[in-house]
Amino acid sequence: MDNITEIWKDIPGYEGLYQVSNQGRVKSVARVIKSKTGQTYWYSGKILTSGKTNKGYLKVDLKINGKTNSKNIHRLVAMVFVANKNNKPQVNHIDGDKLNNNSSNLEWVTNLENRRHALKNNLQYTKIDSPDCLIAIKVLKDRGLTLEEIGAIFGVTKTTISRVLKGKSLKRFDY
């Protein structure tokens, strides 16, 4: 954590229940809780333990009205501490470190700005269904390689290669 003062603010939609800090931590707020049986008790609050998404971002589970919602911490920090004057939809980690959720390391960006940043900083691999990869897959297939062999080259399954060739693969986007 940086040597700056840690500032805590309520998370929109979870006011009085959870707060996020400018240093990327999330906590539950101390409060009196009423159980389903009507009994009240004191809940002291605590710093929440984070997990990781399958894309490597830190996340926490927030509970409200008996429902648990998983939230990416970088988005919570940005919502509360980073101005979004142009209403951009995505949050970028300026230093490329998905675990550094300090507000000074986050910025709001468009999808295109986010992809350009990732490519410029070697943070993202080309999508398997990008035009260049599709051409390479077709050339390898024409040379007699099996879908399994092609998949091994790209680090994916033969099913993924088959889906790419049929145009049914991952979401496409242009660089």
Side-chain angles (χ1 to χ4, degrees), residues 1 11-14 18 20-21 23-26 28 47-82 84 86-175:
M1 261 184 269
I11 296 173
Y14 296 88
Y18 298 98
V20 65
S21 84
Q23 294 188 10
R25 299 195 306 162
V26 180
S28 55
I47 302 293
L48 300 184
T49 302
S50 59
K52 278 190 184 177
T53 68
N54 58 0
K55 292 184 178 182
Y57 296 102
L58 293 177
K59 66 174 183 161
V60 290
D61 290 332
L62 305 180
K63 297 175 187 170
I64 188 167
N65 299 325
K67 186 176 177 187
T68 301
N69 298 299
S70 189
K71 301 287 185 182
N72 289 338
I73 294 174
H74 67 285
R75 289 196 62 83
L76 295 174
V77 173
M79 279 182 356
V80 175
F81 292 100
V82 181
N84 189 5
N86 297 317
N87 200 28
K88 294 183 178 182
Q90 295 183 4
V91 178
N92 180 48
H93 289 83
I94 297 166
D95 69 358
D97 181 358
K98 293 178 181 181
L99 304 179
N100 180 359
N101 292 318
N102 192 299
S103 61
S104 64
N105 186 49
L106 302 175
E107 64 183 345
W108 288 99
V109 294
T110 64
N111 184 293
L112 181 59
E113 290 168 336
N114 208 4
R115 288 184 281 145
R116 283 182 178 158
H117 177 266
L119 288 170
K120 179 182 172 188
N121 295 286
N122 295 318
L123 302 172
Q124 178 175 316
Y125 299 100
T126 304
K127 288 283 189 181
I128 187 75
D129 58 352
S130 70
D132 290 340
C133 286
L134 182 57
I135 291 167
I137 290 168
K138 287 180 180 179
V139 167
L140 292 170
K141 189 170 185 296
D142 289 345
R143 290 188 179 167
L145 271 71
T146 66
L147 296 183
E148 193 169 70
E149 290 168 330
I150 297 168
I153 291 168
F154 285 94
V156 297
T157 66
K158 66 181 182 181
T159 304
T160 299
I161 297 298
S162 175
R163 290 180 60 79
V164 168
L165 289 169
K166 292 176 183 175
K168 298 179 180 177
S169 187
L170 310 169
K171 293 181 182 175
R172 293 181 180 271
F173 58 83
D174 300 317
Y175 289 101

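For this chain, numbers begin at 1 and follow the sequence in order.
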Using the side-chain contact (heavy atoms from CB on, under 4.5 Å) rule, take Val26 and Leu62 through it: C-alpha gap first, then chi angles, then the decisive distance, then the call. CA-CA 10 Å; Val26 180; Leu62 305 180; 4.2 Å; yes

To the nearest 0.5 Å, tell me how far [X] [atom1] sits from [Y] [atom2].
X      : Y      : atom1 : atom2 : result
Ile161 : Thr146 : CD1   : OG1   : 10.0 Å
Thr68  : Lys63  : OG1   : NZ    : 5.0 Å
Lys71  : Met79  : NZ    : CE    : 7.0 Å
Arg25  : Asn101 : CZ    : CG    : 12.5 Å

Donor-acceptor pair, distance only, cut-off 3.5 Å: does the side chain of [X] make one with the backbone of [Y]?
X     : Y      : value
Asp95 : Asn105 : no
Asn72 : His74  : no
Tyr18 : Gly13  : no
Lys98 : Lys55  : yes

With a 4.5 Å limit on heavy-atom distance, are the side chains of [X] and [Y] in contact?
X      : Y      : result
Thr110 : Asn86  : no
His93  : Tyr57  : yes
Lys52  : Leu99  : yes
Glu113 : Asn92  : no
Val80  : Pro12  : yes
Leu147 : Lys141 : yes
Val60  : Leu76  : yes

